[in-house]
Protein chains: 2
Amino acid sequence: MLKDRSTEERILDAAKKVFISKGMAGARMQDIADEAGINKALLHYYFRSKDKLFEVIFLETISRFVPRINEIMNAQLSWKEKLEAFASEYIEKIIANPFLPLFVMNEMHKQPEEFLKKMWGGDRPRLEKFIMQIQQAIEAKEIRPIHPAQLIMNVMALCIFPFIGKPLLQMAAGINDKEFFNLMEERKKLVPEFIIQALIF
Amino acid sequence: MLKDRSTEERILDAAKKVFISKGMAGARMQDIADEAGINKALLHYYFRSKDKLFEVIFLETISRFVPRINEIMNAQLSWKEKLEAFASEYIEKIIANPFLPLFVMNEMHKQPEEFLKKMWGGDRPRLEKFIMQIQQAIEAKEIRPIHPAQLIMNVMALCIFPFIGKPLLQMAAGINDKEFFNLMEERKKLVPEFIIQALIF
DNA sequence: GTCTATATTCCGATAGAC
DNA sequence: GTCTATCGGAATATAGAC
């Protein structure tokens with residue numbers, strides 16, 4: 001807790017930490033106040049309600065993750081390069097924010113309709129160009145036939161799931177935190193390789 | 001709500017539905033009472049507290065999913081057949097209980113220590129045999145070298161994640177509920193194929 | 001802006017009639 | 001066993017002093 005940071009900034013950092021680790025329903029305003037080193041009343045002074053505070057955190061958080069998808073998927077890159085860039089960058093990001101995927105998935109399930117509008121207000125992921133590249137690679141007999149949606153699911157699953165299922169995986173595979181971290185680092189290269197091997201003849 | 005089902009049974013069904021869709025923290029005893037068609041007091045009559053009721057639901061739920069892992073992974077099957085059996089059976093099960101993965105992942109993250117003890121009290125997943133088969137296949141140059149833990153992550157990710165990330169995937173890939181269901185059916189065969197193709201030379 | 005104290009609402013749990 | 005009514009605590013939110 002640095003003294004020179006503004007109170008509002010400290011609240012936002014504290015709220016992000018608490019909301020992401022406990023979820024909206026599990027988070028307590030007292031937890032956030034303690035984490036920020038202030039009292040509850042100040043939270044309401046800066047942000048009217050818990051709902052408002054949550055909304056700020058939520059939108060700010062996902063806005064740091066969405067735009068880069070479009071940058072990668074619409075760049076002048078081959079489908080292989082896009083897979084490599086996506087896996088590498090997003091696994092890297094999630095390593096730095098390991099609780100974020102479960103948080104986002106939870107809130108997406110709870111607020112399906114209005115969430116979508118706010119999350120991608122004019123900022124929907126645009127995968128058409130990538131999908132066309134895949135379809136062309138299929139027609140050119142470069143890769144096996146696959147529904148583009150299945151491929152997208154596989155990419156997201158392989159990048160995101162290990163962080164959501166970490167406890168399950170640690171139990172099933174018998175690995176500790178350090179080993180888990182090393183495996184995640186390795187996945188930045190392993191995931192695109194795995195996918196490309198599955199696709200090509 | 002069938003009249004001839006016992007009150008305890010109705011409560012358990014209602015609690016399962018509410019807990020799985022809202023999580024422990026988000027679920028209300030009133031919600032469960034309404035869903036079961038009774039009042040709150042009866043919940044406490046049958047199960048002392050919310051915690052106790054949740055524990056019953058949680059253990060009963062996962063116990064229907066864990067043992068089958070050991071059955072498959074220790075059967076007299078090749079590593080390919082085990083992958084096919086696991087993917088097919090678990091995707092099938094999750095299609096019938098689509099909200100269950102997110103529920104289980106959430107509660108695993110919240111109760112890491114005691115969760116593990118209860119979840120696998122003498123019933124840990126035993127993947128040693130499968131792991132040895134993979135290592136032997138690697139040594140025999142049948143498949144590419146891969147850390148067994150990475151393979152296990154990939155299998156679980158490809159089977160489980162689509163249900164957790166459904167809203168995200170529907171947004172990214174632009175698919176509706178009916179199309180999503182069809183894709184999940186297709187995955188029972190697609191996932192093992194995808195993995196095997198990625199593994200073999 | 002920041003605090004203490006308090007109001008208000010919500011929710012799990014219990015008491016007691018039937 | 002099942003209900004209504006209510007308690008008691010916890011959590012969000014507000015009032016008001018400084």
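Numbers restart at 1 for each chain; the letters A, B, ... are given by sequence-line order, proteins then strands.
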Just checking B:Lys52: does its NZ atom have more than 12 heavy atoms from other residues, nucleotides or ligands closer to it than 6.0 angstrom?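 Check fails, neighbour count at 12 or below.
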In whole Å, I'd like the distance from the [atom1] atom of [X] to the [atom2] atom of [N].
{"X": "B:Leu43", "N": "C:dG12", "atom1": "CG", "atom2": "C1'", "result": "10 Å"}
{"X": "A:Met29", "N": "D:dT14", "atom1": "CE", "atom2": "P", "result": "10 Å"}
{"X": "A:Arg28", "N": "D:dG9", "atom1": "CZ", "atom2": "P", "result": "17 Å"}
{"X": "A:Asp31", "N": "D:dA11", "atom1": "CG", "atom2": "P", "result": "8 Å"}
{"X": "B:Lys40", "N": "D:dT2", "atom1": "NZ", "atom2": "P", "result": "18 Å"}
{"X": "A:Phe47", "N": "D:dT14", "atom1": "CZ", "atom2": "C1'", "result": "18 Å"}
{"X": "B:Phe19", "N": "C:dG12", "atom1": "CZ", "atom2": "C1'", "result": "11 Å"}
{"X": "A:Gln30", "N": "D:dA13", "atom1": "CD", "atom2": "P", "result": "14 Å"}

Would you classify A:Ala27 as touching base, sugar-phosphate or nothing, given that sugar-phosphate means primed atoms plus P, OP1 and OP2, and contacts are heavy atoms under 4.0 Å? sugar-phosphate
Tell me whether the OP1 or OP2 atom of [N] has a side-chain N or O from [X] closer than 4.0 Å.
{"X": "B:Tyr46", "N": "D:dT2", "result": "yes"}
{"X": "A:Arg48", "N": "D:dT14", "result": "yes"}
{"X": "B:Thr7", "N": "D:dG1", "result": "no"}

Could you work out which one of [options] sits closest to the side chain of [X]?
{"X": "B:Ala41", "options": "C:dA15, D:dT14, D:dA13", "answer": "C:dA15"}
{"X": "B:Ile38", "options": "D:dT14, D:dA11, D:dC3", "answer": "D:dC3"}
{"X": "A:Leu42", "options": "D:dT12, C:dC3, C:dT14", "answer": "C:dC3"}
{"X": "B:Asn39", "options": "D:dA13, D:dT2, C:dT2", "answer": "D:dT2"}
{"X": "B:His44", "options": "D:dT12, C:dC3, C:dA13", "answer": "C:dA13"}
{"X": "B:Lys50", "options": "C:dT2, C:dG12, D:dC3", "answer": "C:dG12"}

Test item: B:Gln150 side-chain N/O and A:Leu183 main-chain N/O as donor-acceptor pair under 3.5 Å: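 Answer holds: yes.
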Hey, what do you get for [atom1] ([X]) to [atom2] ([Y]), rounding to the nearest 0.5 Å?
{"X": "A:Leu12", "Y": "A:Glu60", "atom1": "CG", "atom2": "CD", "answer": "7.0 Å"}
{"X": "B:Gln133", "Y": "B:Glu128", "atom1": "CD", "atom2": "CD", "answer": "12.0 Å"}
{"X": "B:Lys80", "Y": "B:Lys82", "atom1": "NZ", "atom2": "NZ", "answer": "15.0 Å"}

